[in-house]
Student: 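Supplied in structure tokens, the structure appears directly below.
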Amino acid sequence: MLVNSYDTETTGLRLHYGDRAFAYSICTRDGVTDVRRLDGGPVRRVRNLQRLRQLWDNRDFVPVMHNAKFDLTATEYALGRSLSARPFHDTILQAHILINHHPSHRLKQLAWELANVPVDDEKKVRQFCKDGGNYSMVPEELMQLYQERDAERTMLLHLFFMPKILARREWREIYAMEIDLVRTTMQMERRGMMLCRKACTKLIARLEARVDSVLDEIEAFAGERLNPDKPTHLFRLLFDYAGLPILARTKTKLPCTNKATLAQLREAHPHPAIEMLVKYRSWSRGITMLRSYMNLADGNDIIYPNIRTCGAITGRESSSNPNLQNVAKSEVLLNPYPVPARLAFRPRPGYVNFHLDYSGQEMRLLVHYSGEPVLIDALRKGEDVHGPGGRIFYVDSYDPTGPQRGAVKNCNFAISYGAGLTKVATVLGLSLAVAAPRYKLYKATFPRLVGLAPLVANTVRQLGYVETYFGRRLHVPRSKAYMGTNYLIQGTGAGITKRAQNRVRRYLNKATGGEAQILLPIHDEIVLEYPRKRLADARHVLRHIVELMEAFDLRVPLAVDVNVATADWEHKQVFDIGG
DNA sequence: TAGGCTGGCGCG
DNA sequence: AAAGCGCGCCAGCCTA
């Protein structure tokens, strides 16, 4: 076995937009480094590319990388072939698993902390690519040192972390799953998501017209042109011209003007200036987000997000450039002036998108961990888990088809994570006096659910961490022990969705020969694209996928809903898989 | 002029 | 004593 660290240097971070590797470096267990350039004169270029090819053709070569997804992708482009079948190690995953709460998992930072490897090389290199340049323009002698250091750092981290991973069965399993997830995620990133430029342009134009008119409206009211993004202008508008009171202040003692505060303000002092501001904020934000999507789409209108498999300290994933996990939807219930940004995303020609989401994943996990009998029962019978709570908080007036259900849902989460009476009352829209006895009754009816947060907080105070269903340890600051429940639920949910993705990727590759592929995970949801010409088999295939996704042995069943988007992301429809 | 911080907000 | 949490991105502001 040739376990060497491996690091690539590229012309930029956007590999699916044309950035390429121009050099690589390796380091043996004994600290012997080798640095090779893939650019320059044709002799050197061809010889070193040949060397790289030989390295990867060697079946004994097991590369160790820090953020393997990136180096593997760069290498796949350099070699022109897939590397999805080969074993590898990833020190960033090791670090995430072992020290989730660490402030930084960056290679240089960790190597500095572990072995005082100096970090001065990066600064020097960066100076050379200040105005739009990239690392390939840095003097080669300097890059040589930089690359040697990075290869050494990676090997150092591996030698330090890997024995710890191997020492515990749960960590071995989690690590193997995370390595597999890197392959799953590489496939998604390579595929990308299709933007509908036409819909996007149209939406932007519509929003721009609205923003213009609301700015005019503000000017007419205030008597001067204001920029609501500027705090000084904003305060003039609300507190001078409109004469509204300051209901709350931020931690820096400035007047607080966030959505919740504005909603309160609107309740007590309805004023057109509030509406103007809320409209402006929603629409102008919508424009900027939509423009950023346009800028990130390539010549074929495809957007390639960066999906970090360990983006969050809870083990959740994250998406950036762009963040496709927070694309606005037109949920009028919460936002009076929504931006239907999901209209701007569409399935690729010849495909439909399926959205598979765990229905009430978070609540089910809360019920699983609390063991609350009434709620376990409701879930096993397939009833709405928020029904019992709704009937307590709204008594006879509870309407599960209206906005009350959403409030109860929020409330169920908030209470489970340690919220008090005041929070509960505001969420429900009830006065303290009305909410108090119902809150009391809730606590008496669901003692185990209410008792979960303090229970978990106690273990955090004792151990300093919570342990998810899969044995992943999530360190929680002892000073914030109340956050333990949230980490436990979020981390377990992430573990479920991650494993589901691996299962689904395996199955889809086998069943459709890679014609159907996962595009994106959204915490409790998997988006996949499916070729229209295979739609005849879709029900069968999706039945199997749902089975794979639901196959976790909890105290309550998991349930996956299937929706299909044929025109755009906004217009999803229930897809009946029968069975 | 770059980089860090804050407030605000979208999603889960 | 009381407290839901996790992300990424933007505009504006302040500092080095």
Side-chain angles (χ1 to χ4, degrees), chain A residues 100-101 126-127 130-131 227-235 248-262 277-278 280-293 295-296 305-308 310-331 334-335 337-342 357-358 360-363 366 409-424 426-427 452-454 456-457 466 474 476-477 479-491 493-494 497 520-526 569:
Chain A
N100 70 295
H101 61 317
R126 286 224 169 153
Q127 291 215 313
K130 268 207 290 201
D131 352 89
N227 178 357
D229 287 326
K230 284 190 194 292
T232 51
H233 288 201
L234 172 62
F235 297 153
R249 289 187 180 270
T250 66
K251 67 176 176 187
T252 56
K253 306 293 177 217
L254 288 169
C256 176
T257 66
N258 66 21
K259 217 171 64 167
T261 310
L262 289 180
L277 176 61
V278 174
Y280 171 82
R281 283 206 177 141
S282 177
W283 293 336
S284 68
R285 181 183 188 278
I287 293 170
T288 16
M289 296 310 286
L290 287 162
R291 281 198 187 131
S292 84
Y293 300 146
N295 290 336
L296 285 164
N306 176 25
I307 301 167
R308 294 179 60 193
C310 284
I313 47 184
T314 55
R316 265 195 183 179
E317 302 182 81
S318 70
S319 161
S320 60
N321 298 79
N323 182 356
L324 290 183
Q325 291 178 328
N326 76 341
V327 180
K329 49 185 186 183
S330 56
E331 192 61 69
L334 259 130
N335 182 349
Y337 309 105
V339 174
R342 292 186 176 193
D357 69 294
Y358 284 103
Q361 191 197 59
E362 199 178 353
M363 194 61 206
L366 280 168
K409 187 175 157 184
N410 277 341
C411 218
N412 278 329
F413 293 139
I415 293 174
S416 306
Y417 295 137
L421 172 62
T422 45
K423 177 81 188 171
V424 169
T426 52
V427 167
L452 182 64
V456 177
V466 295
L474 300 173
V476 182
S479 59
K480 294 183 178 173
Y482 67 92
M483 294 189 342
T485 318
N486 187 264
Y487 276 50
L488 176 66
I489 302 300
Q490 217 182 87
T497 308
L520 182 74
I522 317 182
H523 310 306
D524 63 352
E525 174 181 347
I526 297 174
W569 191 355

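The chains referred to below are lettered A, B, ... by the order of the sequence lines, with proteins before strands, and numbering in each begins at 1.
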Student: Can you find an N or O donor on one side and an acceptor on the other, under 3.5 Å apart, linking the side chain of A:Arg285 with the base of B:dG8?
Tutor: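 Answer no: no donor N or O sits under 3.5 Å from an acceptor.
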Student: Counting the atoms with a prime plus P, OP1 and OP2 as sugar-phosphate, which does A:Arg342 contact under 4.0 Å by heavy atoms, base, sugar-phosphate, or nothing?
Tutor: sugar-phosphate
Student: Between B:dC9, C:dG8, B:dC11, which nucleotide has the shortest distance from any of its atoms to the side chain of A:Lys329?
Tutor: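 My answer, after comparing the listed nucleotides, is B:dC11.
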Student: A:Tyr487 has a side chain; which of B:dG10, C:dC5, B:dG8 sits nearest to it?
Tutor: C:dC5
Student: Scan every strand shown for a Watson-Crick or G-U wobble partner of C:dG4, both distances under 3.5 Å, and answer none if you come up empty.
Tutor: none
Student: Can you check the A:Gln361 CD to B:dC11 P distance for me, whole Å?
Tutor: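 Roughly 18 Å, once rounded to whole Å.
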Student: Is it the case that the base of B:dG10 and the side chain of A:Asn326 share a donor-acceptor contact (distance under 3.5 Å, atom types as modelled)?
Tutor: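 Side chain to base: pair present.
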Student: side-chain hydrogen bond (donor to acceptor under 3.5 Å, both in side chains), that's the test. Do A:Glu317 and A:Thr497 meet it? Break it down for me.
Tutor: CA-CA 10 Å; A:Glu317 302 182 81; A:Thr497 308; over 6 Å; no
Student: May I have the distance from A:Gln325 (atom CD) to B:dC11 (atom P), rounded to whole angstrom?
Tutor: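 Those two atoms, CD and P, are 13 Å apart.
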Student: Categorize A:Asn321 for me: base, sugar-phosphate, or nothing, with a 4.0 angstrom heavy-atom threshold over every strand shown.
Tutor: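 Sugar-phosphate: the residue A:Asn321, judged by heavy atoms under 4.0 Å, touches backbone atoms but no base.
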Student: Has A:Arg126 got a side-chain N or O lying under 4.0 Å from the OP1 or OP2 atom of B:dA2?
Tutor: no
Student: Evaluate the side-chain contact (heavy atoms from CB on, under 4.5 Å) criterion for residues A:Phe413 and A:Asn486: first the C-alpha distance (whole Å), next the side-chain angles of each, then the deciding distance (0.1 Å), finally the verdict.
Tutor: CA-CA 9 Å; A:Phe413 293 139; A:Asn486 187 264; over 6 Å; no
Student: Between C:dC7, B:dG7, C:dA11, spot the one nearest the side chain of A:Thr288, thanks.
Tutor: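 Of the options given, the side chain of A:Thr288 lies nearest C:dA11.
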Student: Taking only the side-chain heavy atoms of A:Thr252 (C-beta and beyond), determine which of C:dG4, B:dG7, C:dA11 contains the nearest atom.
Tutor: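 The nucleotide sitting nearest to the side chain is B:dG7.
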Student: Which part of the nucleic acid does A:Ser319 contact within heavy-atom distance under 4.0 Å: base, sugar-phosphate only, or nothing?
Tutor: sugar-phosphate
Student: Categorize A:Gly420 for me: base, sugar-phosphate, or nothing, with a 4.0 angstrom heavy-atom threshold over every strand shown.
Tutor: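 Sugar-phosphate only.
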Student: Give the nucleotide from the list C:dC5, C:dC7, C:dC9 with an atom nearest to the side chain of A:Asn486.
Tutor: C:dC5
Student: Given B:dC9, B:dG7, B:dG12, which nucleotide is nearest the side-chain atoms of A:Lys251?
Tutor: B:dG7
Student: By nearest atom, which of the nucleotides C:dC9, C:dG4, C:dC7 is closest to the A:Ser318 side chain?
Tutor: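 Closest nucleotide among those given: C:dC7.
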Student: Can you check whether A:Lys259 has a side-chain N or O nearer than 4.0 Å to OP1 or OP2 of B:dG7?
Tutor: no
Student: Heavy atoms from C-beta onward define the side chain here; which of C:dG4, B:dG8, B:dG12 lies closest to that of A:Lys423?
Tutor: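 Out of C:dG4, B:dG8, B:dG12, the nucleotide with an atom closest to A:Lys423's side chain is C:dG4.
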Student: For A:Leu324, answer base if it contacts any base atom (sugar-phosphate contacts may also be present), sugar-phosphate if it contacts only those atoms, and nothing otherwise; contact means non-hydrogen atoms under 4.0 Å.
Tutor: nothing
Student: Base, sugar-phosphate alone, or nothing: which one does A:Glu362 contact when heavy atoms must sit under 4.0 Å apart?
Tutor: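 The answer is base, as A:Glu362 lies within the cut-off (heavy atoms under 4.0 Å) of a base atom.
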Student: Using atom CE of A:Met289 as one end and atom P of C:dA11 as the other, report the distance to the nearest whole Å.
Tutor: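 The answer, rounded to whole Å, is 10 Å.
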Student: Within the pair A:Lys230 and C:dA11, is there a side-chain N or O less than 4.0 Å away from OP1 or OP2?
Tutor: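 The answer is no; no side-chain N or O of A:Lys230 sits under 4.0 Å from OP1 or OP2.
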Student: Within the modelled atom types, does a donor on one side and an acceptor on the other bring the side chain of A:Gln490 and the base of C:dC5 under 3.5 Å apart?
Tutor: yes
Student: Quick one: label A:Val339 by what it contacts on the DNA or RNA (base, sugar-phosphate, nothing), any heavy atom closer than 4.0 Å.
Tutor: nothing
Student: Is it the case that more than 12 heavy atoms not belonging to A:Arg126 sit under 6.0 Å from its CZ atom?
Tutor: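 Atom CZ in A:Arg126 is not crowded, with 12 or fewer foreign heavy atoms closer than 6.0 Å.
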Student: As a test of reading the structure: which of B:dC9, C:dG6, C:dG8 is closest to the side chain of A:Arg316, going by heavy atoms?
Tutor: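 For the A:Arg316 side chain, the nearest candidate turns out to be C:dG6.
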Student: Quick check: does any side chain N or O of A:Asn100 sit under 3.5 Å from a backbone N or O of A:Ile313, one acting as donor and the other as acceptor?
Tutor: yes
Student: Please examine the side chains of A:Met363 and A:Lys409, heavy atoms only from C-beta on, and report whether any two atoms are closer than 4.5 Å.
Tutor: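 Heavy-atom side-chain distance check fails, nothing below 4.5 Å.
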Student: At under 4.0 Å between heavy atoms, what does A:Thr422 touch on the DNA or RNA strands: base, sugar-phosphate, or nothing?
Tutor: sugar-phosphate
Student: Would you kindly give the NZ-to-P distance between A:Lys480 and C:dA1, to the nearest whole Å?
Tutor: 20 Å
Student: Output the rounded distance in Å from OH (A:Tyr482) to P (C:dC5).
Tutor: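 Checked: the OH to P distance equals 4 Å.
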Student: So, does A:Ser319 use its side chain to make a donor-acceptor pair with the main chain of A:Leu324 at under 3.5 Å?
Tutor: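 Side chain of A:Ser319 to backbone of A:Leu324, a donor-acceptor pair under 3.5 Å: yes, one is there.
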Student: Expressed as a whole number of angstroms, how long is the span from A:Ile307:CD1 to C:dG8:C1'?
Tutor: 14 Å
Student: Please check if the side chain of A:Ser282 supplies one atom and the backbone of A:Val278 the other of a donor-acceptor pair under 3.5 Å.
Tutor: no
Student: I'd like to know whether A:Asn258 forms a side-chain hydrogen bond (donor to acceptor under 3.5 Å, both in side chains) with A:Thr261, so could you lay out the CA-CA distance, the side-chain angles of the two residues, the decisive distance to 0.1 Å, and finally the verdict.
Tutor: CA-CA 5 Å; A:Asn258 66 21; A:Thr261 310; 2.8 Å; yes
Student: Contact class for A:Thr257 vs. all strands (heavy atom < 4.0 Å): base, sugar-phosphate, or nothing?
Tutor: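 Touches sugar-phosphate only.
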Student: Can you figure out which of C:dG8, C:dG6, B:dG8 approaches the side chain of A:Thr250 most closely?
Tutor: B:dG8
Student: Return the value, rounded to whole Å, for the distance between atom NZ of A:Lys253 and atom P of B:dT6.
Tutor: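 Rounded to the whole Å, the gap is 14 Å.
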Student: What integer distance in Å separates A:Arg281:CZ from C:dG12:C1'?
Tutor: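 Going from A:Arg281 (CZ) to C:dG12 (C1'), I get 12 Å.
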